[in-house]
2 protein chains.
Amino acid sequence: MAIEELSNSLPMMLYKALDTIMPKFRIIFKEFGITEPQARVLRILWQHETIALNELSSLSLITPPSLVGVIDRMELNGLVERNNSNIDRRKIIVNLTEKGEKLESKILPKVKKVYAEIESSMTKKDLNNTLFLLNKISLIYKK
Amino acid sequence: MAIEELSNSLPMMLYKALDTIMPKFRIIFKEFGITEPQARVLRILWQHETIALNELSSLSLITPPSLVGVIDRMELNGLVERNNSNIDRRKIIVNLTEKGEKLESKILPKVKKVYAEIESSMTKKDLNNTLFLLNKISLIYKK
DNA sequence: TATTAATAGTTAATATATTAACTAAAGTCC
DNA sequence: GGACTTTAGTTAATATATTAACTATTAATA
């Protein structure tokens with residue numbers, strides 16, 4: 001398999017994998033009127049309660065310029081709130097509203113069901129190997 | 001490693017891998033005034049000379065509504081041409097202009113250099129395993 | 001063959017992504 | 001303490017992505 005062939009290239013295979021699995025998740029998100037980037041933000045906030053926007057950016061892999069709009073729309077939708085930091089006046093602290101909190105128990109079970117579906121389709125070993133290798137790739141240019 | 005943890009989830013790891021490698025390619029594309037989706041279209045056309053838009057969509061993993069705009073802009077930039085099919089009047093045939101053809105010898109070598117850089121950072125075996133596993137994932141829901 | 005279903009391309013509306021530039025607030029260093 | 005640098009968040013401009021809906025053709029089938 002010639003790796004430099006476009007259709008077999010690492011980028012295309014990564015995109016193809018995402019195109020395969022993400023629609024399954026998006027169907028769930030749409031039920032609740034949110035998008036995939038918004039769901040990523042929610043999942044982080046379900047763990048953190050409160051978090052600075054820049055850290056939210058790192059964890060969600062959403063760049064700041066995109067994240068500003070994502071948070072804007074989530075705020076309009078009553079899912080999150082923006083607050084100023086007392087310690088560092090440059091920082092914006094994001095936290096969930098009650099509406100945002102309540103979504104966890106509705107969305108997470110359905111999301112986990114899709115994960116289970118994926119795991120059952122490819123052996124746990126393959127999945128772990130994939131994650132291990134993807135992690136290696138993500139470290140290629142670090143330091 | 002808890003797979004259902006967001007940061008270790010398959011989707012996030014796929015995104016992280018893409019975020020790691022794609023900027024290296026985009027730097028090249030920008031030199032030539034094109035974007036990443038446009039580069040994908042070019043690479044396909046360098047192999048096909050002429051191709052129907054729907055097949056171009058499948059091979060590039062760019063959905064038709066997005067592809068329409070991508071081709072529009074490439075046409076404006078003088079890289080491709082649209083033509084009607086004689087056989088099936090619904091179809092639009094896309095082909096390169098001379099300008100689009102000439103980019104191959106300039107862009108491909110640089111792209112291959114990045115591939116080589118990636119390969120050298122992670123052993124050929126790991127790369128092949130990754131491609132093999134990603135391929136498996138992309139087949140999960142087929143048939 | 002008239003009808004119905006499926007396909008190819010497009011448009012529209014909304015949400016994101018990408019890159020560059022800009023403001024405000026900290027941090028550094030002499 | 002004032003100049004310089006870095007960081008956090010934002011805005012702007014342009015390009016894509018996503019979903020739904022719509023037009024024109026072609027295929028399928030009763």
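Computed from heavy atoms alone, side chains included, the values below leave out hydrogens, waters and symmetry copies. We name chains A, B, ... by the order of the sequence lines, and we start the count at 1 in each one.
- OP1 or OP2 of D/dA20 lies within a sub-4.0 Å distance of a side-chain N or O belonging to A/K30.
- The distance from atom CD1 of A/I62 to atom P of D/dT10 is 14 Å, rounded to the nearest whole Å.
- At D/dG9, one or more side-chain N or O atoms of A/N54 fall inside 4.0 Å of OP1 or OP2 (strictly under the cut-off).
- Using a 4.0 Å heavy-atom cutoff across all strands shown, A/L67 reaches no nucleic acid atom at all.
- Contact between the side-chain N/O atoms of B/S66 and the OP1/OP2 oxygens of D/dA17 is found at a separation under 4.0 Å.
- Shown for residues 83-93 of chain B: residues whose heavy atoms fall under 4.0 angstrom of DNA chain C, namely B/R90, B/K91, B/I92.
- Not one side-chain nitrogen or oxygen of A/R82 sits closer than 4.0 Å to the OP1 or OP2 atom of D/dA8.
- Annotation: cation-pi pair A/K24/B/Y141 present, NZ/CZ under 6.0 Å from the ring centroid and within 45° of its normal.
- Screening A/L67, A/V80, A/I92, A/I93 for a side-chain contact (heavy atoms from CB on, under 4.5 Å) with A/L56, the sole residue that qualifies is A/L67.
- Atom pair B/E31:CD and C/dT18:P shows a separation of 19 Å (rounding to whole Å applied).
- For B/R73, a side-chain nitrogen or oxygen approaches OP1 or OP2 of D/dT16 to under 4.0 Å.
- Between B/I71 atom CD1 and C/dT10 atom C1' the separation is 13 Å, expressed in whole Å.
- Nucleic acid contact class of A/Q38 (heavy atoms, under 4.0 Å, all strands): sugar-phosphate only.
- D/dA17 atom P lies 12 Å from atom OH of B/Y15, rounded to whole Å.
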